[in-house]
Amino acid sequence: MPKLNRAPYRVIVEHDTPVAMRDGTILRGSVHRRAEGGPFPTLLARTPYGEGTFRMMPVTPALEAGFAVVLQHCRGRGGSDGEFRPWLDEGDDGHDTIEWITAQPWSNGEVVMQGGSYLAGCALQAAATRPPGLKAVVASMTPHDFYDGLKYHGGAFAYGSARNWGVMQTMLGLMHAAEAGQDVGAGFGALLPLLADPSAQVPPDVIPWWHDWVSHRERDAYWQELAETLEHDRIEVPVMHVAGWFDLFLAGTLENHRRLGGPLVVGPWSHLTPGGSGTGAVNFGFFASGQAIQLEQRQLAFLRGQDTGPAVKIFVMGDDVWRDEEAWPLARAVETRYHLHSDGVLSPEQKAGEPVTFTFDPGDPVPTTGGATLLPDPVNVGPQDQREVEKRPDVLCFTTAPLEADLEVTGPVSVTLHAQSSAPSTDWTAKLVNVHPDGRALSVVDGIVRTTRSTSVIDLVATSQVFKAGHRIRVEISSSNHPRFDVNPAVDRPAVQQVYPDSFITLPVVPR
């Protein structure tokens with residue numbers, strides 16, 4: 001029987017450790033470090049999600065890798081004092097916390113940061129303030145901008161994710177206030193209908209920031225103030241990026257990678273299943289997981305300055321394999337246009353024809369079915385069968401003949417749409433679909449644009465999908481995707497929508 005030669009070591013844990021910010025607000029968290037040895041480099045993670053997040057952090061692996069670990073609650077959350085203001089204070093608070101860490105006797109003066117989603121944003125915002133002790137960041141599944149790609153996509157309000165996150169943060173805020181001795185009965189009473197019914201409309205005064213989000217529909221001074229907390233050209237430390245093909249912040253993570261450089265890993269994951277083996281209706285198998293590629297070990301090696309992995313590592317769906325690349329996007333990918341024909345055919349050939357017409361009814365929007373979602377229903381995400389959606393008269397389908405050979409699409413995907421609407425402003429949605437020989441129509445990636453123009457480019461972000469021989473490629477066009485996005489508020493009656501046959505999807509086809 002194998003025997004492990006492992007010596008025990010003692011760990012000192014200090015809970016509710018206070019750290020004073022520059023404005024006097026006290027933030028609290030926990031400090032984990034080995035009792036012997038040191039001084040240590042420190043891994044810092046900052047969260048607005050309460051103590052439960054701490055249980056998911058890699059404390060033990062970090063300790064074994066030689067780090068001390070500091071897990072801190074953002075202001076107004078967990079055990080920290082102050083008022084939670086989404087994104088506004090995280091850069092300065094992260095900076096002040098790093099200065100506190102480097103002044104501790106158990107610190108060797110070096111700090112690294114790690115996290116996903118809001119936690120990764122905290123890390124990048126702190127890095128933008130250039131604290132002297134910060135040495136590296138691992139940022140997973142996080143936006144690059146607080147307007148574009150977070151609250152608005154192509155000009156459409158990201159209603160579903162904003163509502164879901166806003167309700168959760170409101171509840172955490174009420175719990176924090178209750179712990180401070182405040183009477184929060186009225187607040188919980190107003191919030192309960194939103195918790196009980198995901199389709200209930202949001203009153204403007206229940207979620208503290210909701211009015212700001214929905215009233216600032218253009219990129220104005222409100223969003224610019226937030227943007228100034230994440231100036232990429234001020235970030236000098238190395239950053240590793242982790243993304244998911246079905247994550248709502250895929251575009252943000254890819255843009256962070258473009259601006260900052262550093263290693264990039266993209267798996268077949270959604271926002272709530274980072275490192276998992278399956279998303280939506282597809283189980284990609286164990287080898288799709290972060291465990292299979294030892295992602296956690298690589299992240300720790302990167303934070304220690306010892307990473308020797310590839311510049312880019314992507315999971316190629318369809319082939320269901322990991323592949324190392326030299327850069328993103330792939331230089332060898334060939335931008336190939338597939339045209340939308342009036343008869344419902346999708347092909348590389350361009351043909352003349354009449355426009356295809358449908359009626360968009362704002363009172364009966366196309367229901368969200370899969371995609372890069374963050375909705376109360378955690379199952380409605382990723383690749384999902386679109387056949388029921390495609391039965392609707394307001395969803396246009398354009399489909400290739402069965403493929404004679406495998407066709408790999410890896411890289412940025414977009415739809416250029418020449419179209420007209422009887423409404424003064426309209427939304428156009430596009431969805432790339434993998435049609436299997438048995439008829440299943442599994443979504444791959446989608447996007448939206450809100451426009452008044454007759455020519456629009458719909459950003460479908462990116463994918464790595466092999467359409468196998470015998471499969472067909474399909475593009476769906478419509479004018480809504482709800483509740484993922486809000487219904488265009490400028491459309492108050494049914495609108496006649498016309499799509500012209502000189503429209504096309506641009507696919508990055510990788511020679512095989």
Side-chain angles (χ1 to χ4, degrees), residues 10-60 62-63 66-115 117-135 137 169 171-182 184 208 229 303:
R10 294 188 305 114
V11 176
I12 296 174
V13 181
E14 300 173 358
H15 291 293
D16 278 345
T17 302
V19 181
M21 300 296 101
R22 65 189 65 181
D23 64 355
T25 301
I26 301 297
L27 306 189
R28 297 179 179 86
S30 60
V31 178
H32 308 248
R33 57 187 174 87
R34 289 188 181 229
E36 290 82 31
F40 306 104
T42 302
L43 172 61
L44 168 64
R46 306 186 61 253
T47 179
Y49 298 119
E51 189 273 336
T53 309
F54 291 170
R55 303 174 208 167
M56 297 183 287
M57 296 299 299
V59 174
T60 299
L63 289 171
F67 290 100
V69 179
V70 174
L71 307 176
Q72 185 185 68
H73 299 289
C74 296
R75 61 174 62 204
R77 293 294 180 263
S80 293
D81 298 343
E83 176 189 357
F84 179 65
R85 304 186 301 169
W87 313 298
L88 268 174
D89 301 300
E90 310 307 354
D92 288 344
D93 288 354
H95 185 111
D96 294 350
T97 301
I98 291 169
E99 287 193 335
W100 176 85
I101 290 172
T102 57
Q104 302 310 301
W106 42 262
S107 167
N108 72 349
E110 297 182 354
V111 178
V112 297
M113 294 189 72
Q114 180 179 9
S117 192
Y118 194 99
L119 285 71
C122 287
L124 293 178
Q125 288 175 283
T129 69
R130 296 180 178 174
L134 186 63
K135 301 301 179 184
V137 167
Q169 283 299 337
M171 181 173 63
L172 290 172
L174 291 170
M175 294 169 61
H176 186 269
E179 187 173 351
Q182 298 181 18
V184 296
T229 70
L303 293 173

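Nothing fancy with the numbering, it's 1 onward along the sequence.
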His32 ring center near Phe67 ring center (under 6.0 Å): no
With the side chain counted from C-beta on, respond yes when [X] and [Y] share a heavy-atom pair under 4.5 Å apart, and no when they do not.
| X | Y | value |
| --- | --- | --- |
| Val137 | Leu124 | yes |
| Asp92 | Thr129 | yes |
| Leu119 | Gln114 | no |
| Arg75 | Asp23 | yes |
| Lys135 | Pro41 | no |
| Arg46 | Leu27 | yes |
| Leu71 | Val59 | yes |

Could you tell me which non-hydrogen atom of [X] sits nearest to which non-hydrogen atom of [Y], and how far apart they are?
| X | Y | result |
| --- | --- | --- |
| Arg33 | Leu63 | CA-CD2, 3.9 Å |
| Glu90 | Phe84 | OE2-CE1, 3.9 Å |
| Ala68 | Phe40 | N-CB, 3.8 Å |
| Tyr49 | Tyr118 | OH-CB, 3.5 Å |
| Ala120 | Gly115 | CB-O, 3.3 Å |
| Met57 | Ala45 | CE-CB, 3.4 Å |

Under the side-chain hydrogen bond (donor to acceptor under 3.5 Å, both in side chains) rule, what pairs show up with a residue in residues 99-110, not counting sequence neighbours? His95-Glu99
The complete set of side-chain hydrogen bond (donor to acceptor under 3.5 Å, both in side chains) pairs with one or both residues in residues 10-20, sequence neighbours excluded, reads Arg10-Glu36
Between atom [atom1] of [X] and atom [atom2] of [Y], what is the distance when rounded to the nearest 0.5 Å?
| X | Y | atom1 | atom2 | result |
| --- | --- | --- | --- | --- |
| Cys74 | Arg85 | SG | CZ | 12.5 Å |
| Leu134 | Thr97 | CG | OG1 | 11.5 Å |
| Leu303 | Met113 | CG | CE | 11.0 Å |

Per the salt bridge (Lys or Arg N to Asp or Glu O under 4.0 Å) rule, what does the pair list look like for residues 47-59, sequence neighbours excluded? Glu51-Arg55
Would you say the side-chain atoms of His176 pair up with the backbone N or O of Ser80, donor to acceptor, closer than 3.5 Å? yes
For Gln169, does its backbone N or O pair with a side-chain atom of Arg77 as donor and acceptor, under 3.5 Å? yes
Show, in sequence, the C-alpha distance, side-chain angles and deciding distance for Asp81 and Arg28, and conclude whether the side chain to side chain contact (heavy atoms under 4.5 Å, CB included) test is met. CA-CA 8 Å; Asp81 298 343; Arg28 297 179 179 86; 2.9 Å; yes
Side chain to side chain contact (heavy atoms under 4.5 Å, CB included) assessment of Asp89 paired with Glu83: CA-CA 10 Å; Asp89 301 300; Glu83 176 189 357; over 6 Å; no
